Each structure stands twice: as structure tokens, then as C-alpha cells.
Participant: 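For reference, the structure I am asking about is given below.
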There are 4 protein chains.
Amino acid sequence: MASAPTREDHFSFGLWTVGWQARDPFGDPTRAPLDPVEAVTRLADLGAWGVTFHDDDLIPFGSDESERERRIKRFRDALDHTGVVVPMMTTNLFTHPIFKDGAFTSNDRSVRRFALRKVMRNLDLAAELGASTFVFWGGREGAETDSAKDVRAALDRYREGLDLLAQYVIDRAYPIRFALEPKPNEPRGDILLPTVGSALAFISSLEHHEMVGVNPEVGHEQMAGMNFVHSISQALWHGKLFHIDLNGQHGPKYDQDLVFGHGDLLSAFFLVDLLENGGPGGVPAYDGPRHFDYKPLRTEDSEGVWVSAASNMKTYLLLKERAAAFRADPEVQAALAASRVPELAVPTLAPGETYTELLADRSAFEDFDVEAAGAHGYGFAHLDQLAVEHALGAR
Amino acid sequence: MASAPTREDHFSFGLWTVGWQARDPFGDPTRAPLDPVEAVTRLADLGAWGVTFHDDDLIPFGSDESERERRIKRFRDALDHTGVVVPMMTTNLFTHPIFKDGAFTSNDRSVRRFALRKVMRNLDLAAELGASTFVFWGGREGAETDSAKDVRAALDRYREGLDLLAQYVIDRAYPIRFALEPKPNEPRGDILLPTVGSALAFISSLEHHEMVGVNPEVGHEQMAGMNFVHSISQALWHGKLFHIDLNGQHGPKYDQDLVFGHGDLLSAFFLVDLLENGGPGGVPAYDGPRHFDYKPLRTEDSEGVWVSAASNMKTYLLLKERAAAFRADPEVQAALAASRVPELAVPTLAPGETYTELLADRSAFEDFDVEAAGAHGYGFAHLDQLAVEHALGAR
Amino acid sequence: MASAPTREDHFSFGLWTVGWQARDPFGDPTRAPLDPVEAVTRLADLGAWGVTFHDDDLIPFGSDESERERRIKRFRDALDHTGVVVPMMTTNLFTHPIFKDGAFTSNDRSVRRFALRKVMRNLDLAAELGASTFVFWGGREGAETDSAKDVRAALDRYREGLDLLAQYVIDRAYPIRFALEPKPNEPRGDILLPTVGSALAFISSLEHHEMVGVNPEVGHEQMAGMNFVHSISQALWHGKLFHIDLNGQHGPKYDQDLVFGHGDLLSAFFLVDLLENGGPGGVPAYDGPRHFDYKPLRTEDSEGVWVSAASNMKTYLLLKERAAAFRADPEVQAALAASRVPELAVPTLAPGETYTELLADRSAFEDFDVEAAGAHGYGFAHLDQLAVEHALGAR
Amino acid sequence: MASAPTREDHFSFGLWTVGWQARDPFGDPTRAPLDPVEAVTRLADLGAWGVTFHDDDLIPFGSDESERERRIKRFRDALDHTGVVVPMMTTNLFTHPIFKDGAFTSNDRSVRRFALRKVMRNLDLAAELGASTFVFWGGREGAETDSAKDVRAALDRYREGLDLLAQYVIDRAYPIRFALEPKPNEPRGDILLPTVGSALAFISSLEHHEMVGVNPEVGHEQMAGMNFVHSISQALWHGKLFHIDLNGQHGPKYDQDLVFGHGDLLSAFFLVDLLENGGPGGVPAYDGPRHFDYKPLRTEDSEGVWVSAASNMKTYLLLKERAAAFRADPEVQAALAASRVPELAVPTLAPGETYTELLADRSAFEDFDVEAAGAHGYGFAHLDQLAVEHALGAR
């Protein structure tokens with residue numbers, strides 16, 4: 001049995017997750033609005049550690065200054081009361097019609113300027129609330145037809161915007177890092193920076209690239225058929241896993257935002273193994289928030305909302321137990337060795353060796369027994385079955 | 001009518017394309033082997049400019065030195081005779097069973113060493129034949145189960161290998177650049193560096209990153225549901241489009257390698273427009289080889305092979321005509337302006353402006369008329385239809 | 001140049017298409033509501049022949065009887081005034097929260113009863129307005145988790161509902177046929193009867209199967225990676241293509257509802273060729289409404305809405321011209337013969353032949369020259385290129 | 001811990017599964033041929049009950065009569081010796097170049113005749129060996145371009161062929177049923193009868209439709225993004241689940257043929273629950289062979305082959321235990337009731353009720369409280385989490 005979640009698990013939820021009213025492209029809302037204060041309180045009761053939000057989740061678009069302050073104050077009081085923290089904040093740059101062709105990359109320059117202002121205002125609030133990560137999901141940065149968007153110019157503008165905002169944070173000495181959240185499509189036909197890879201590449205071009213990482217989401221990456229564990233591994237390898245969005249998805253289709261584990265369960269197992277155990281590395285690979293970005297099913301009422309919120313944490317902790325047992329199993333360790341998994345961590349060149357020595361090493365090529373090397377098995381079938389059995393709690 | 005292809009069009013083909021014997025996972029070959037000399041001669045007759053190859057396409061794996069020299073000489077004679085050039089060469093690191101768990105990232109270190117040696121030998125040959133681009137398609141660098149591959153270690157080894165090879169090229173003063181070819185899957189369940197984006201990110205981490213770019217393939221990117229024009233745009237934006245593989249594909253399924261344009265025709269139109277016209281930029285975005293990496297259908301005999309080879313070039317030239325007419329059409333130019341496409345090339349900040357001025361600009365935020373900005377239409381419907389009509393040759 | 005659309009082209013549009021306010025899962029509406037009367041008038045001006053609607057498009061859910069009558073009367077007046085007909089009508093069984101777990105297959109029996117009543121009421125209206133086709137899109141008939149829906153029981157209820165409604169139509173002597181519209185997912189994780197094939201199979205089990213056919217939608221079928229032309233061919237083969245929804249889609253992702261032809265253009269060409277020319281058959285395969293079920297892009301204002309509406313018809317007519325030229329081209333006819341396309345219409349057995357004679361025919365097996373039969377090419381490469389060139393208007 | 005497989009579990013394997021030499025589109029074989037006799041012996045040792053095969057798996061294409069007899073005899077001896085049965089047999093209509101454009105639907109009539117003869121010969125053998133199911137996988141029945149295949153004519157020929165073969169079986173009084181195996185693509189660009197649904201529809205048109213069902217394969221259906229449990233449910237509903245191919249797949253990509261459960265693990269859990277428990281129905285839904293149609297990974301040697309074969313059975317039995325516990329859990333039963341899952345088995349009309357009474361029932365419509373019905377939650381979040389926890393062995 002999985003233990004109950006605690007603050008030390010660093011579970012966080014977006015206000016827009018439990019607060020989703022379940023309006024979808026073909027349906028009206030099935031649930032009443034959720035007061036952010038209630039969200040904080042209920043999440044705290046369930047064992048969550050943090051809460052995150054878009055500006056408009058807390059403060060309706062267009063609120064005047066006093067209304068804005070009033071709502072922030074109520075929210076802060078709830079945080080203080082419950083001990084819930086705000087590890088991450090983000091900006092809604094997608095709901096209002098003004099952003100229909102994008103925010104930082106709208107063809108309309110005045111929209112781009114408005115978007116930058118909207119973000120700067122939120123950076124102040126994020127700093128005030130102690131959020132150390134600021135997420136950018138560019139859901140409207142994209143196009144439905146290639147004739148309408150000069151993608152290279154769009155990337156120039158995207159970079160211009162992020163460089164400006166990074167400078168702002170630096171000048172203000174805010175202890176904030178940026179995390180870009182890739183998504184391949186929906187609501188735009190094709191969204192810019194569609195995968196973790198494209199975002200990582202883009203980041204390498206930024207002026208203050210050291211303060212910008214990624215916020216990969218399980219479902220977004222799986223919508224493109226990507227192996228999420230591979231994507232996260234590459235992000236970690238670049239030192240860029242600044243935040244993570246956990247949920248579930250059934251492959252390339254609309255964005256489902258299911259409960260974590262309720263999509264590709266085996267991939268969820270391997271993901272938790274990577275985050276908690278570093279995979280075969282043996283040390284945790286990530287110590288940031290375990291952030292759930294899911295949507296309670298539209299069929300559910302308020303009770304179902306909280307059941308599903310708890311399910312995210314429960315499934316994560318269950319998989320953490322399973323992954324720990326997997327790594328601790330001597331048969332698994334033997335199988336890993338038989339599969340030469342640790343051998344991949346050994347450099348291909350010997351210490352001090354260069355290509356000159358490699359060229360001179362006849363055992364590496366001229367005298368290499370290719371038939372023998374081609375014939376030996378890697379034992380992956382055994383290893384994979386051990387993993388499946390551990391995932392199923394059957395060992 | 002499209003004009004006939006000429007050398008100036010810089011069309012090139014892989015030996016493995018027209019030479020594919022049509023063995024597939026469920027079927028035996030339907031065509032006899034094609035002599036590389038015949039391939040060169042026939043391609044030259046059709047108007048091709050270049051030919052490319054994997055080492056094993058020309059010299060069977062395991063050939064001894066004299067056999068190797070004899071085959072290279074015959075091939076060089078054919079090149080000299082026809083004037084066909086070798087703009088690109090690559091290494092087969094996937095057919096032999098030795099590479100079943102990868103080459104640069106095999107769990108077996110001795111395989112990794114063998115792979116590096118195999119490439120170094122080919123770099124010498126590439127230089128000898130005047131190839132300026134050396135492609136790396138890591139088709140076996142991947143896994144079917146997350147338990148069996150330490151992806152971060154694999155990326156370390158991938159980088160180690162490419163750094164070594166780049167150093168080799170530099171030390172030899174070969175005028176060669178590297179181009180990584182991404183693919184999401186097939187023949188491995190998940191291939192490392194699955195998309196253009198992930199390859200670009202990886203490249204940014206290489207010691208000699210300036211000499212490494214990408215070789216995107218239409219079908220590979222579309223297998224992941226990516227918009228190929230967007231992927232190429234990002235590659236161009238990073239200055240990394242070193243080579244390109246043109247073919248056709250019908251979305252996420254097995255790798256089809258259809259004739260260029262015989263998959264997503266509209267995307268092919270926009271791609272040619274980007275390469276030849278720079279999209280809205282107005283200047284060509286790419287001047288490298290137009291390389292076809294396709295497979296003649298298994299239903300075809302030798303005659304069908306050459307018809308399909310010619311079709312690639314013919315379709316490209318047709319789309320080039322269509323794209324030129326699209327850009328030259330005054331109605332298109334007016335529609336682009338109405339859609340504010342050129343406005344995206346204008347920086348969001350005014351010359352000399354910083355965020356300080358932007359913060360002080362009340363017209364950008366406080367006094368901005370969001371209702372009006374949300375209400376105006378972008379005219380993309382008109383622009384898109386103009387593009388479709390130009391693609392169809394109907395204007 | 002394509003000719004302008006006329007009534008004889010039998011183009012129809014849903015009120016919900018041009019009237020879509022562009023609310024999507026991540027954004028508020030960008031356009032004002034469109035008066036159905038204006039929709040009818042504008043569509044008539046553009047050359048459309050028919051208009052279709054869900055009950056709630058015309059009469060808001062929950063309207064009282066007098067409001068209902070008033071709205072129907074205004075609409076009828078517009079029809080009478082413009083000559084626009086209502087070839088098809090359908091029921092909204094998906095927007096209201098009551099349908100969140102389905103209509104005919106909701107786990108809640110009272111919802112199922114309500115749904116049947118809602119449809120019966122609309123069947124009366126459909127008959128009154130002269131609609132000869134009644135469409136059933138079961139967008140909410142489905143599930144997100146396999147634990148929550150007994151699919152076999154659901155199919156029982158689906159059949160029960162359709163059998164009852166068919167009986168109602170028969171008893172009332174309404175000249176109405178039913179058309180089921182398949183979709184694989186969205187808004188449900190998995191929708192029942194996800195493809196044309198599954199709907200055709202289900203129909204074969206209905207009591208009044210002869211009056212039930214399908215209403216396939218381009219994008220729905222392509223969301224499952226299906227070849228739409230194949231799906232339509234099978235529907236025609238079963239005599240079940242009662243209606244068709246034309247639009248555009250870029251493969252497996254959210255439901256895009258693009259303008260017809262603005263997705264897979266080549267498939268659109270072949271579809272029009274099938275509908276208008278019967279493909280190689282040479283006679284039109286379908287004489288029903290050419291119904292556009294698309295959504296004007298969210299970036300567009302009212303002007304863009306009407307441009308996009310016109311674009312659907314214009315593209316269809318252009319492709320019709322291209323397809324006619326394709327079939328009329330003697331080189332195409334020669335290529336079809338070379339590819340033995342007409343030979344497939346010849347039965348495999350000779351007239352009067354049975355398996356007994358086939359077994360006795362040594363030329364069919366024992367003496368058959370398999371090498372020769374395996375070696376001859378089918379000429380598909382040539383045929384395909386001819387099709388692409390005709391689609392591009394280049395012959 | 002799962003118990004060891006026994007004959008009573010009715011596990012069967014294709015000779016082509018454990019015998020796959022691991023040639024793929026980009027690689028040479030990594031394993032030696034496997035003697036069918038060894039396959040039978042090893043499978044028997046592992047606890048398998050049955051073995052299946054294509055004619056060419058046992059008898060190489062083109063073998064003369066004496067060679068054929070010799071091989072059949074050796075095979076029969078192995079069956080007799082081990083007690084392994086042959087529950088299913090099938091015909092290879094895809095490997096030889098003769099079938100490159102299909103078998104029953106090749107444009108070449110002489111190929112179609114040859115194909116029918118090849119099958120008839122195998123039907124005799126199937127009867128001789130006691131196979132009660134004969135599978136038809138039409139892997140080459142399809143096309144890469146819509147111009148080259150008259151799909152309606154192809155379906156005519158497909159039907160002609162199956163009608164003839166069914167008649168042959170009937171006349172010979174063979175106790176054999178046919179099972180069509182759908183697949184969306186690979187090796188053809190689009191295969192006819194791509195999904196379970198399309199095959200079921202086609203079957204309804206056959207002369208002897210009562211003796212023809214389907215043989216759905218997990219991976220084939222998931223390659224089209226279909227929910228396999230839904231597909232199987234519909235096949236069962238039509239009484240057409242004659243056979244089943246169990247394996248694993250990661251969504252729309254090439255055909256992976258992974259070990260059962262090594263793809264979408266949660267779907268595998270629900271599938272076993274459906275087959276063994278009938279889902280919520282409570283009685284087994286299927287009593288035929290549990291047939292594994294998988295491919296041992298190309299990285300594996302002979303030892304890995306047998307490990308993977310055993311893994312299929314072990315995982316199935318584990319999931320069977322998990323599913324039994326799921327159904328037996330009182331909390332699950334309470335949750336099912338709360339979710340009204342059993343209510344879906346209750347007809348929508350009361351006993352004796354017709355639409356007349358329904359129309360008169362004001363409580364069903366006029367007086368129905370739509371707000372209340374829209375507000376109540378369905379409890380699916382709870383039910384789904386219980387299923388996930390049972391799958392994980394955590395309850």
C-alpha cells in the first residue's frame with residue numbers, strides 16, 4: 001500500500017486543474033466555478049504541497065487594480081493559513097480573443113507588446129508570492145496554414161520577448177527561472193516549439209539561456225508519439241528540466257489531460273523511476289515540484305474532482321514504491337549487467353586514448369569478430385519482463 | 001509545363017533509393033540488384049546532378065581491400081564519365097547484426113569502437129570523392145524498452161563519438177560538415193534524437209557544433225505529426241539546414257519513402273516555397289542539394305523505378321513554378337499585407353526601446369483597446385485559399 | 001478557372017459552421033453570434049443550395065413552445081425567400097451537461113429516454129422542413145476509461161434507440177433516412193462506432209438497416225489515420241453513403257474542421273474523382289448533398305467566415321475540373337490499362353467456373369510461371385505521377 | 001505470483017513468432033532459422049497448448065510434393081509427441097513477389113487465381129491437422145495511391161474469393177471457420193479492411209457470413225489509434241470474435257509486435273478482464289485460443305526468444321489474476337453501482353413500452369429535471385483509479 005502524500009513529496013496542482021469547469025469544444029460547463037481559496041484548502045487537506053496558477057485563474061482578465069489586490073490578498077491568506085506554497089506561476093496568453101494569432105509571435109505587433117506587459121506584471125506577482133519558476137506555454141504561438149506565418153520571423157520575436165523578460169527578471173533580481181512548455185498542436189494547428197527537443201534547441205539561442213529550461217508535459221509529448229522518458233532524459237542531459245507537468249494521455253489525439261498513470265501506465269512507471277532513481281543511474285534525477293496538470297473528467301461532479309486529484313498523488317507514490325523495488329531487486333541488477341546497461345556509462349575511448357590510438361587498435365576493427373559480436377543477445381526481453389512484473393507489483 | 005531538370009537544379013539521389021530491391025518486413029525482393037554504375041548513368045540521363053551513398057551500398061560489408069578499391073574505381077569512372085558529383089556520403093551503421101543495439105550508443109563498447117572506425121574510414125573516402133556533407137542517421141540508436149537503455153549515458157556516448165569524428169575531420173583538414181538525420185522510430189521502437197528539434201538541441205552541446213547541422217527528411221518528421229515546413233524553418237533559423245531529404249509520407253505510420261509530393265502535397269508546395277523563395281522572406285533560404293531519399297514502390301519493375309526517379313524532380317520543379325507564381329501574384333502580396341505577415345519581421349520593441357520604455361507606454365497596456373484588437377480578423381482564410389489555388393495551378 | 005457554384009452543385013453548409021463563434025478548449029469566442037437568417041441569406045448569395053442544422057443551432061435548448069415556433073417561422077421565411085433547402089437535420093445530443101456520459105448510451109437510463117424524446121421531436125421538424133436525411137453523431141457515446149462503460153450493453157442500447165426511432169419514422173411515413181456519423185474520439189476519449197467501418201458493421205445489425213447509412217466526415221476518418229477514399233469506397237460498396245461531410249484535417253490530432261482541401265489536398269482530389277467520376281468506374285458514385293462541415297479559423301472575423309465558406313465550394317469545383325481532365329486524358333487511360341486497373345473488375349472465376357474447374361486448371365497453379373508474374377511491374381509510379389500532375393493542373 | 005501456464009490456458013503461438021529471424025526493413029537477420037520441430041518442443045515445455053503457422057513457415061514456397069510431405073510428417077510427429085495442437089492455420093499471401101499487388105485483390109487476375117489455389121491446398125492441410133480456424137490476413141490487399149486501385153472492384157473480388165473458399169469448406173465438410181485479420185497499413189500504404197469495424201461490415205456482405213469472423217490483433221488496431229477493448233467488444237457483440245492475436249504496440253507507428261502487455265499495459269489489463277470476466281458482464285466473453293502474434297526483439301539471441309515467449313503467457317496470467325481481484329473487490333462493485341454501469345444493461349424502454357408510451361411520459365421530457373440530471377457525477381474517476389490500483393497489484 002502506498003503511503004499518504006506529504007509536503008515532502010512536493011506535489012503541486014494548477015488552480016485550473018481542479019477548477020476546470022469542464023467546458024469542451026462540444027459542451028457547456030458541467031461544474032460550478034471553484035473558489036481558489038477552496039482549491040488551496042482542499043488540496044492542502046489531500047496532502048499537496050504547492051499550488052500554481054495563470055494570472056487569469058486568480059484575477060479575471062480586465063479586473064481593476066483594487067479587485068486584483070483583493071483577490072490576491074484572499075489567496076495569500078489561504079496560502080498562509082494552509083502552508084501551501086506557490087512554486088510556479090504562469091501567464092494566460094491564450095484565452096482572450098486578442099491572442100488568437102499568438103502573443104509573443106502574433107502578426108499584430110501591438111498584441112506582442114501587450115503580451116510582454118501582461119507577463120511583466122505577473123513576474124512581479126510571482127516574485128511577491130515566492131514562485132521560483134515561471135512557465136511559458138505558447139499555446140497560441142502557431143498557425144493553421146503555412147502561408148500565414150513567417151516562422152523564422154516568429155522565432156525572432158519569440159526570442160526577443162524572452163530575452164527582454166529575462167533581462168527584466170535579472171534587473172529586478174527576482175529569484176525566478178523560466179520554463180518553456182512545448183506542445184505540438186491544439187489549440188493551433190501547429191504550435192511553435194512543438195516538442196521538448198525543439199524547445200531545448202530554441203533555448204540554446206537565447207541571450208540568457210542559462211535561466212531558461214523546459215516544463216515538459218506527459219500528454220503533450222505523447223500527442224506527438226514521443227517517448228516521454230526519452231524526452232525527459234534529454235532535458236535532464238542538457239540540465240534543463242526546470243519543472244514537469246504530470247498527467248495521462250492515449251497517444252496522438254486531442255489533449256486529454258487524464259490523471260497521471262491513467263494513460264500509458266508503463267511509461268509512467270519508467271518516468272517515476274527516472275525522476276526518483278535516475279533510472280540505472282541510481283540517484284534521483286530531479287528534485288523540483290511534481291506538478292499535476294490534468295483535468296478531472298467532464299462526467300465528474302465536485303466529489304469526483306477531489307477523488308481524481310488524490311488519485312494523481314496516490315498513483316505517483318505507488319509507482320515510486322514499484323520503482324524502488326525494481327532497482328533493489330538483485331535479479332534486476334544481474335539482468336542489467338547481463339544487458340550491459342552499465343557499460344554504456346563507460347567512455348568508448350580508454351582514458352587518454354584519442355582517435356590515433358583507436359585507429360591503431362586492430363582489435364577494434366581489422367581483427368574484430370563481427371560475427372560473434374552480432375550473435376550475442378542483449379537480454380532486453382528478460383529485463384523488460386522484470387520491469388513489467390515490478391510495475392504490476394508481482395515480484 | 002515544368003521544364004526538364006538540369007544540373008543547376010542540384011538534384012541528387014541515394015544509390016539505395018533507385019537501387020532498393022524492395023525487400024520489406026513481409027516480403028522478398030521484387031527487383032534485381034542495381035549496379036551503382038548503371039544508377040549513376042541513368043540518373044545522369046534523367047538530369048540529376050549528384051549521387052550519394054552509404055559505404056555498404058557501394059562496397060559490400062566485409063569486402064577486402066582490393067575488392068573495395070576495385071568498386072570505388074568503377075564508381076569514380078562512372079562519375080567522371082557522367083559529370084555526376086557526390087555531394088554527400090554516409091555510413092551504414094544499421095544493417096549488420098553487430099549494430100542491433102546501436103552503433104555509437106550500443107551497450108556493447110566494442111561495437112561503439114567498431115562503429116567509429118567504420119566511419120573514419122568513410123570520412124577518408126568522402127573527402128577523396130569530394131563530398132562536402134557527411135550524414136549520420138542513427139537508425140539503431142534507440143530502444144524498445146526504457147529499462148534497457150540509459151538515455152543520458154547514450155547521449156554522452158553519442159557526443160563522444162561525434163566530437164571524436166569532428167576532430168578527425170578538422171585535423172585532416174577535410175572540407176566536410178556533418179548532418180544528423182532525425183527519425184522518431186523504425187527500426188527501433190524509439191530512436192534517440194527523434195525530431196529536428198531534438199537533434200538541434202543535441203548539436204548545441206557538441207564540441208565542434210559549428211560544423212554539425214541537420215539533414216531533415218520529410219517523412220521522418222511527418223511520422224511524428226510534425227509540420228515539416230515548421231521544422232525546416234527552425235533548422236534554417238539556427239543556421240543548421242546542411243542537407244535535406246525529400247520524399248512523401250502519409251502521417252504517423254511506417255516509413256513510406258514515397259515520391260516527393262505524393263504524400264502531403266500542400267506541405268510540399270509550402271516547403272518548396274520556403275527553400276526557393278524563403279517563404280515571405282523573398283530570398284532563397286537554402287542552396288544545398290535537393291536530395292531525394294525515397295523508395296520506388298515494391299510493385300514496380302525497373303521501368304517504374306526510373307519513372308519514379310524522374311517524378312521526384314518533375315514534381316519539385318512544378319511546385320517551384322507554382323511557388324514563384326504565388327509570390328509574384330499582386331493579390332497574394334496584398335493578402336499578405338492584410339494578414340500582417342510582414343509586420344512579424346518588425347521588432348516588438350522600437351529602435352532603442354527597452355522594457356523600461358515599454359512599461360511606461362500606456363498605449364501598450366493600460367489604454368490598449370483589447371476589444372478592438374480581439375475583434376479584427378487576420379485574413380488567413382483568404383491567404384490560405386490563394387495558396388491552395390496557386391498550388392493547383394488555378395490562378 | 002473554376003466556375004461559380006450553382007444550386008445544381010448541391011452544396012450545403014451547417015448553420016454551426018459559418019455560425020461557429022470560435023470558442024475552443026483554451027479560448028473565448030472571437031465572433032458574435034450569427035443570426036440563422038443571415039446565414040441562409042449569405043450562403044444563398046454565395047451559391048449554396050442547402051443548409052443543415054442541429055435543433056439547438058436554431059432553437060436554444062430549453063426554449064418554450066412559442067419561442068420555438070417563432071424561430072422556426074423566421075427560418076422558414078428565409079428558406080422560402082432564398083430558395084435554400086434543408087436536405088439534412090440533426091440533433092444536438094452533446095452540448096448540455098445532461099449528455100456528459102452520452103445520450104442513447106448514457107449509463108443513466110433517464111438521460112437515454114430524454115434523448116430519444118429530443119430526437120423524435122426533431123424528426124417531426126425534419127419532416128416538416130423536407131429534410132430527407134437525419135444525421136446521428138454520437139459524440140458523447142463513449143468513455144475515457146474501460147472500467148466505466150459496458151460497451152456491449154452500450155451497443156444494445158444504441159441499437160434499441162435507433163430501432164425505435166426508425167420505427168417512428170416508418171409509422172409516420174416520413175421520407176427520411178438515417179445517417180450515422182463516425183468519429184474516433186473528441187470530445188470522449190474513445191467514441192463508440194469510431195470509423196466508417198464500425199458504423200457499417202453496426203448498421204447491419206439494426207432492425208431497419210435498409211434505412212440507415214453513414215455520414216462520413218473527412219477529418220474524422222483521417223484522425224484515425226484512415227484513407228478517406230477507401231472508407232468512402234467501402235461505404236459506397238455497401239450502398240450506405242447517404243450523406244457526406246467535407247472538410248480538411250492534418251492527420252491524427254484534435255478535430256480541425258479546416259476548409260475542404262486545406263488538409264490532405266491529394267486525397268481531396270481523389271475523393272472528388274470518386275464522387276463525381278466513380279474513380280475508374282466512370283460514372284458518378286454519389287448524387288447526394290456536398291455538405292461542408294468545417295469551422296472558419298478562430299483568427300477570422302465575419303469577412304473571413306464568408307471567404308472560407310466560398311473557398312470550400314471553389315476548391316471542390318476546381319478539383320472536379322482536375323478530376324474530369326484526369327479521366328479524359330488518353331495517357332491516363334493508357335496508364336490505367338497498363339496498370340491493369342480495369343482487370344480488377346473482371347471476376348476471378350470465368351463465367352460458369354466454380355472451384356472445381358479452378359482446381360483442375362493447371363495453368364492457374366501447377367504450371368503457373370510465378371517468377372514471371374512476380375517480375376512484371378504494375379506501372380503505379382507512372383499512374384500516380386499523372387494524378388499528381390493533373391491535381392496540380394500541369395497537364 | 002502468477003501460476004505457470006498449462007494446457008487449459010489455451011495459449012498458442014505462431015511458428016513465425018519464435019521463429020522470426022529478425023530481418024527488418026533496415027537490417028539483416030540476427031538469428032538462425034528455427035526448426036519447426038524445435039519450436040513445437042520448446043513451446044510445449046513452456047506450457048503452450050497450440051501452435052499455428054502459415055504454409056510457407058513449414059513448407060518453403062515452391063517445395064515439391066515429396067518435400068512437402070516430408071516436412072508435414074516431421075511436424076505431425078512433433079505434435080503427436082508433445083500433445084501440442086494446431087488450432088489455427090493460415091496462408092502466406094504476402095512474401096513472394098507475385099503478391100506484390102495483393103492476392104485476392106491483385107489487379108492481375110492470374111495472381112488472384114493462384115492465390116485461391118494456394119489457399120484451397122492449405123484448407124485441406126488445415127482440416128488434416130485439425131485446425132478449426134483459418135485466418136486471412138490480407139497484408140498485400142491494398143494500395144499506395146488511390147489512382148491504382150478500384151476499391152469497390154477490389155471488395156467484389158475479395159468477396160468472390162471468400163465466398164468460393166467458404167463454399168469449398170462447406171462442400172468438403174471441413175469443421176473450419178474463417179477469421180479475417182484487419183490491419184490499417186504496412187506493408188501496403190493502406191490495407192483494405194483496415195480495422196475490426198471495416199472487416200465486420202465486409203463480413204456481413206458475404207454469402208456464408210455465418211462462418212466468417214475476425215481475428216483482431218492488439219497492435220494492428222492500436223496502430224490506428226483504436227481502443228482495442230472497444231474493438232473486441234464490438235466483435236463480441238456481433239458474435240464474431242473467432243480468434244485473437246495478442247501482442248504489444250506503442251500507438252501509431254510501424255508494427256512492433258511486442259510481447260503482450262509490453263505496450264499499453266492498462267489496455268492489456270482491461271482486455272484480459274473482458275475476455276476472462278466479460279468485463280462487468282461477469283461471465284467469460286471468449287473461450288478460444290489465446291494466441292500470441294509477437295516478434296522477439298531483434299536484439300535477442302535464442303535464449304531471449306524463449307524468455308519472451310514465456311513472458312507473453314506470464315503477463316497474461318498475471319493480468320488475469322489482477323482482473324479477477326478487481327471484479328471480486330466489494331469496493332469495486334459498489335463503485336460500479338455508483339457509476340450506474342449495470343444500469344446500461346437495462347433497456348431504455350420499460351417492458352412492453354413503445355415510443356407511444358414514451359411520448360406520453362411527461363417525466364421523460366417535459367417534466368424532466370435537466371439541471372439535476374446534468375449535475376450528478378458519474379463516479380468514473382473513482383472507478384478508474386480502482387482499476388489502476390488493481391492492475392498495479394496494490395489492493
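The shown structure was predicted, so the numbers you read here are calculated from the model rather than taken from an experiment. Letters A, B, ... mirror the listed sequences (proteins, then strands); counts begin at 1.
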Participant: Give, as side chain, backbone, both or neither, the part of D:R188 having an atom under 4.5 angstrom from any heavy atom of chain B.
Facilitator: both
Participant: Give the member of D:P97, D:G139, D:P29 that has the highest number of heavy-atom pairs under 4.5 Å with chain B.
Facilitator: D:P97
Participant: With a 4.5 angstrom heavy-atom cut-off, could you sort out which part of B:P184 is near chain D: side chain, backbone, both or neither?
Facilitator: neither
Participant: If only atom types and distance count, is the side chain of B:Y254 paired as donor or acceptor with the main-chain N or O of D:P187 below 3.5 Å?
Facilitator: yes
Participant: Do you know which of B:G251, B:G189, B:P25, B:A224 has the most heavy-atom pairs under 4.5 Å to chain D?
Facilitator: B:G189
Participant: Any chance CD of D:E303 has more than 12 other-residue heavy atoms, nucleotides or ligands included, within less than 6.0 Å?
Facilitator: no
Participant: Quick one: CZ on D:F94 to CG on B:D28, what's the gap to the nearest 0.5 Å?
Facilitator: 10.5 Å
Participant: What residue in D:H262, D:H96, D:M223, D:R298 has the most heavy-atom pairs under 4.5 Å with chain B?
Facilitator: D:R298
Participant: Can you classify the ring geometry of B:F26 versus D:W137 as parallel (below 30°), tilted (30 to 60°) or perpendicular (above 60°)?
Facilitator: tilted
Participant: Can you tell me how far CG of D:D101 sits from CG of B:L297, rounded to the nearest 0.5 angstrom?
Facilitator: 10.0 Å
Participant: Is D:D190 paired with B:K253 through a side-chain N to carboxylate O contact shorter than 4.0 Å?
Facilitator: yes
Participant: Hey, could you give me the CZ/OG1 distance between B:R140 and D:T299, rounded to the nearest 0.5 Å?
Facilitator: 10.0 Å
Participant: Please look at B:E186 and chain D and tell me whether the side chain, the backbone, both or neither of the residue comes under 4.5 angstrom of a heavy atom of that chain.
Facilitator: both
Participant: Using heavy-atom distances under 4.5 Å, tell me whether B:D255 contacts chain D through its side chain, its backbone, both, or neither.
Facilitator: side chain
Participant: In terms of side-chain geometry, is the basic nitrogen of D:D24 or B:K100 positioned less than 4.0 Å from the acidic oxygen of its partner?
Facilitator: no
